[in-house]
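The structure appears below as structure tokens.
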Amino acid sequence: MEINLNMYQTLAAAVAVFFLGGFLKTKIKLLRKYCIPAPVIGGTIFSILNCILYTRGIWTYTQDTVMQNWCMMLFFTSIGYMASVHLIRKGGLLVIKMALLVGILIIMQNLIGISLSRFFGENPLMGLADGSIPLVGGHGTSGSFGPVLESMGLSDATTIAFAAATFGLVAGSFIGGPIGELLIRRFRLTSSEGKVIDASLPGGKMGPHPETENDEDAAANYLNMDNFMYAFGQLLLAMGIGTYVSQFFIDIGLVFPGYIGAMIVAAVIRNIAEGTGLYGIYQKESEVLGGMCLNIFISCALMSLKLWQLADLAVPLIITLLIQTVVMALFAYFVIFRVMGGNYEAAVMASGTCGFGMGATSNAMANMQAVSRRYGPSPSAYFVIPMVGGLFNDFFNAAIIAFCIGLLA
């Protein structure tokens, strides 16, 4: 049986998967404790079911990707909208520090991969196919460098890299929340923005910050249709203009994710409003719209995973990926957290780094959203992680991969 969902059916399935994850999260304490995002829960269950049905020859499943890509674009555009000049000044040094740490992480992942491939007697190029190409780079970088490795003698390099990226996508999502939660609880960290942890509440639940407006007023602000329309319009405008900016980067030979142009334009729109007062700023509404799109995007992405690819991996590859996961968790816990300040923001960044260090920037944002939703806002982390994960990350990774290929050629 062949299941081929169109755009509308894919959206319906993604929402159903999200609802399933949310329902299970309310029923299973472990999922709440470790801040596993609802779309990750539901999407993983779907992908496992899809794998079982496919491998038994019961069905083949495909889905439309138009809205998945659109939701990803709008989400990252909303992140760019958060980048006010004030926040950039506040987080500028943090961006530089995080970029350097990501460079170290990329080198570590490739050293681990190459060393273990040599240990198991495999082609050392396999160390790149299960190193930073699929992990920090994700599926996009895997698709770009896989054929290059194949041309150099590593057969099935693209398949190996995609399978490793699939593994990393799931692993990064599942370790990020627990890392952030463990750091916050161990060091008794609290958010300095909006809401605080009230230790007197059962389970350390969030209580209202004494200086914030009451919940009814906040809800009323979110439900203002005109504000939502203006926020949505500004994001759509940034997405449209951003395509020209992204094309400009391509024309001059720079390779960035497609959403970078929209993020830049959104930041310009936000800062013009902030500096001139010519039109309104709709931060809360943009956050809500972006969060909605993030949930749909993650649900769609996980639904499309082909987990049966992992079943064909050789034992050396499986062991390497498990070691990469452990190293990522330790690096986030002991290095990222301390170098980035050892505070609440640093704990959220450690959680986010697990996401894009093993999978994709969207997973990083999902990890941070799950943690900050429970423990309070983290504005600096929401600026630093997508900028590093979507911008500096690609520069460093491509340069280091090219250097490693030159050494192994």
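Keep in mind it's a predicted model, so treat the numbers as computed, not measured.
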Hey, does the side chain of [X] reach the backbone of [Y] with a donor-acceptor pair shorter than 3.5 angstrom?
X	Y	answer
Asn227	Lys284	no
Asn110	Ser132	yes
Thr55	Ile52	yes
Tyr81	Tyr282	yes
Ser351	Gly176	yes
Asn6	Gln9	yes
Gln324	Ile319	no
Gln234	Ala231	no
Thr10	Asp64	yes
Ser246	Thr243	no

Legend entry - Member of Asn123, Val148, Leu128, Leu408 meeting the side chain to side chain contact (heavy atoms under 4.5 Å, CB included) criterion with Leu154: Asn123
Report yes if some heavy atom in the side chain of [X] is under 4.5 Å from a heavy atom in the side chain of [Y]; otherwise report no.
X	Y	answer
Trp59	Asn50	yes
Phe383	Val95	yes
Leu20	Ile45	yes
Arg270	Gln283	yes
Val327	Ile323	yes
Cys293	Trp70	yes
Ile296	Met67	no
Tyr344	Pro377	no

Legend entry - is_close_aromatic(Tyr61, Phe46), centroid dist under 6.0 Å: yes
Inset, instruction - Run the ring-centre check on Phe187 versus Phe337 and record whether the distance is less than 6.0 Å. - result: yes
[X], [atom1] atom: more than 12 neighbouring heavy atoms under 6.0 Å:
X	atom1	value
Tyr54	OH	no
Arg338	CZ	yes
Met292	CE	no
Phe119	CZ	no

Does the side chain of [X] pick up a donor-acceptor pair with the side chain of [Y] at under 3.5 Å?
X	Y	value
Glu287	Ser78	no
Asn363	Ser173	yes
Glu345	Ser378	yes

Legend entry - Inter-residue atom distance Met239.CE - Thr77.OG1, 0.5 Å rounding: 5.0 Å
